[in-house]
Amino acid sequence: MTITELILMSVNTMLVSNIVFARFLGICPYLGVSRKVETASGMGMAVVFVMTLSAAISWVIQETILRPMKLEFLQTIIFILVIAALVQFVEFFMKKSMPSLYRALGIYLPLITTNCTILYVALYVVQFKFTFVSMLIYSIATGAGYLLAIVIFASIRERIETADIPEAFKGLPIALVTAALIGMAFMGFAGLVKG
Amino acid sequence: MAESKESLKEVLIAGLWSSNPVFGLLLGTCPTLAVSSSMMDGFGMGVAATFVLIMSNVFISILRKIIPDKMRIPCFIVVIASFVTIVDLCMKAYTPALSKSLGLFIPLIVVNCIILGRAEGYAYKKGILPSLVDGFSMGIGFTLALMAMAFFRESLGNGTLFNVPIFGSKYVPMLGMILPPGAFLTMGGLMALTVFINKKMARK
């Protein structure tokens, strides 16, 4: 892949086929921790970090162990174990060496294990036989797209808190309608890459 | 294990309405949004998830005395991932078209929070029979939620239900309902409706 192709791909994964609005992944934490911009950006950051690491490790396992030994059917089990172990490990490591970042991420770190974006990216890069570099770029761009989506969403939700809305729509329903509107706005990016 | 018939019935009803996994507990929202663009996909996904839910609930309930407390989450995930792999391979073999349209969402059942949530919150503490009933009712509740979403999205967005045209040839499909924003909008609307009905019932 040339450099231009890589840049195009990262723009594409970040904006056009954004992980939240086009692929519907990671919705649980997206709705759950987006009440405040601070927590939302913490979650987004943790996702970028764990996603890149886990995609890289899964990719290496796939290429060096699973594919040569024809054990591809074990992918799902192995990858989810890698992710769970990695999250634990990152948590220990951060607690010791980066206490400030650890405190900032708080409980969002363990929650990442069940964030489906992580497993999705690990399975996706393997299924479509990405090279190592394009895999790295893809996972960083996906994480960045998630960060962008959740921060925008959280800032709008902070404003909605004080707005006057129909009784039945209070709380999550209005949040989902908001997400629909942001999704529509993101559809405006379609065609950005083709042109 | 000394559960009376009455309470099993309550477990069954809880999954369908009051603590419906999608609209009540807000779990498993990702597949609900993603695979509800047609009735067929929603149904297939629902059945696959129901199977995994029942099997993992039963197994975890059987193993609940052996699994050490501190290691329980990894153990749950291994049990769930095994059943998901079984479903994935079976669907690839017997229903290749459905498997293709659901794509990566089948392996992603592993991280569907409904299943882990029921394992942790129910099956790990209860006997085998109640766990089985709970898995069944949660699965059906999930399937119904998916079908409800798909009903609106497929009929408005494509003019069909189960690929059968319902509005006649002159209907112009609302493409937006099939696209991602439509999914969020439908879910928001349905959720508001649930809140509305619950409030109405509480007032009576």
Side-chain angles (χ1 to χ4, degrees), chain A residues 17-32 73-81 83-85 88 110-124 127-128 165-187 190, chain B residues 23 26-37 73-74 76-89 92 103-117 120 176-177 179-200:
Chain A
S17 47
N18 183 286
I19 189 103
V20 175
F21 299 119
R23 304 223 188 273
F24 299 119
L25 291 161
I27 305 289
C28 307
Y30 179 73
L31 294 173
F73 62 92
L74 286 177
Q75 266 174 11
T76 316
I77 302 183
I78 305 258
F79 288 0
I80 190 72
L81 285 177
I83 293 168
Q88 285 272 305
L111 278 182
I112 287 179
T113 316
T114 52
N115 185 329
C116 36
T117 51
I118 311 280
L119 184 62
Y120 173 81
V121 170
L123 287 170
Y124 190 86
Q127 191 169 6
F128 289 93
I165 38 179
E167 191 68 21
F169 272 96
K170 277 202 173 120
L172 275 166
I174 193 75
L176 282 163
V177 174
T178 314
L181 294 177
I182 308 176
M184 265 180 221
F186 263 70
M187 278 170 68
Chain B
F23 296 116
L26 203 76
L27 294 172
T29 40
C30 312
T32 311
L33 290 168
V35 296
S36 59
S37 58
I73 303 280
F76 293 167
I77 288 184
V78 173
V79 171
I80 296 168
S82 317
F83 286 115
V84 171
T85 309
I86 294 174
V87 169
D88 189 19
L89 295 178
K92 268 193 193 129
L104 276 176
F105 278 95
I106 301 170
L108 284 178
I109 297 177
V110 177
V111 281
N112 185 326
C113 16
I114 299 174
I115 294 166
L116 195 61
E120 163 82 14
M177 293 304 277
L179 294 172
F184 284 108
L185 210 59
T186 314
M187 191 164 175
L190 284 178
M191 207 172 255
L193 189 69
T194 329
V195 174
F196 183 71
I197 293 173
N198 277 341
K199 282 219 169 110
K200 267 271 158 76

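Heavy-atom basis, side chains included; hydrogens, waters and symmetry copies ignored. Letters A, B, ... are given to chains in the order of the sequence lines, protein chains preceding strands, and every chain is numbered from 1. As the structure is a computational prediction, the values presented were derived from the model and not from experiment.
B/G188 and A/P173 make their closest contact through O-CB, 3.6 Å (heavy atoms, listed as atom of the first residue, atom of the second, distance). B/P180 and A/A22 get closest at one heavy-atom pair: CG-CA, 4.0 Å. The two residues B/A34 and A/R23 make their nearest non-hydrogen contact at CB-O, 4.4 Å. Closest heavy-atom contact between B/A81 and A/I80: CB-CG2, 4.3 Å.
Annotation: maximal heavy-atom pairing with chain B below 4.5 Å, among A/P166, A/A168, A/G183, A/G26, occurs at A/A168. Here A/F21 is the residue among A/F73, A/F21, A/F79 with the most heavy-atom pairs under 4.5 Å with chain B. In terms of heavy-atom pairs under 4.5 Å with chain B, the best-connected choice from A/L74, A/T178, A/L31, A/L119 is A/L119.
Contacts between A/L81 and chain B at a heavy-atom distance below 4.5 Å involve the side chain alone, from C-beta outward. If you measure heavy-atom distances from A/F186 to chain B, you find no contacts under 4.5 Å at all. Only the side chain of B/T85 comes within contact range of chain A, with at least one heavy atom under 4.5 Å from a heavy atom of that chain. In this structure, no portion of B/T194 lies under 4.5 Å from any heavy atom of chain A. Only the side chain of B/L104 comes within contact range of chain A, with at least one heavy atom under 4.5 Å from a heavy atom of that chain. Using a 4.5 Å cut-off between heavy atoms, A/Q127 touches chain B through its side chain atoms alone.
B/L108 places a side-chain heavy atom less than 4.5 Å from the side chain of A/L25. Contact of the A/Q75 side chain with the B/P107 side chain is not registered, since no non-hydrogen atoms from C-beta on lie closer than 4.5 Å. The side-chain heavy atoms of A/V177 and B/L185, taken from C-beta on, include a pair separated by under 4.5 Å.
Going from atom OG1 of B/T32 over to atom CZ of A/F24 covers 10.5 Å, rounded to the nearest 0.5 Å.
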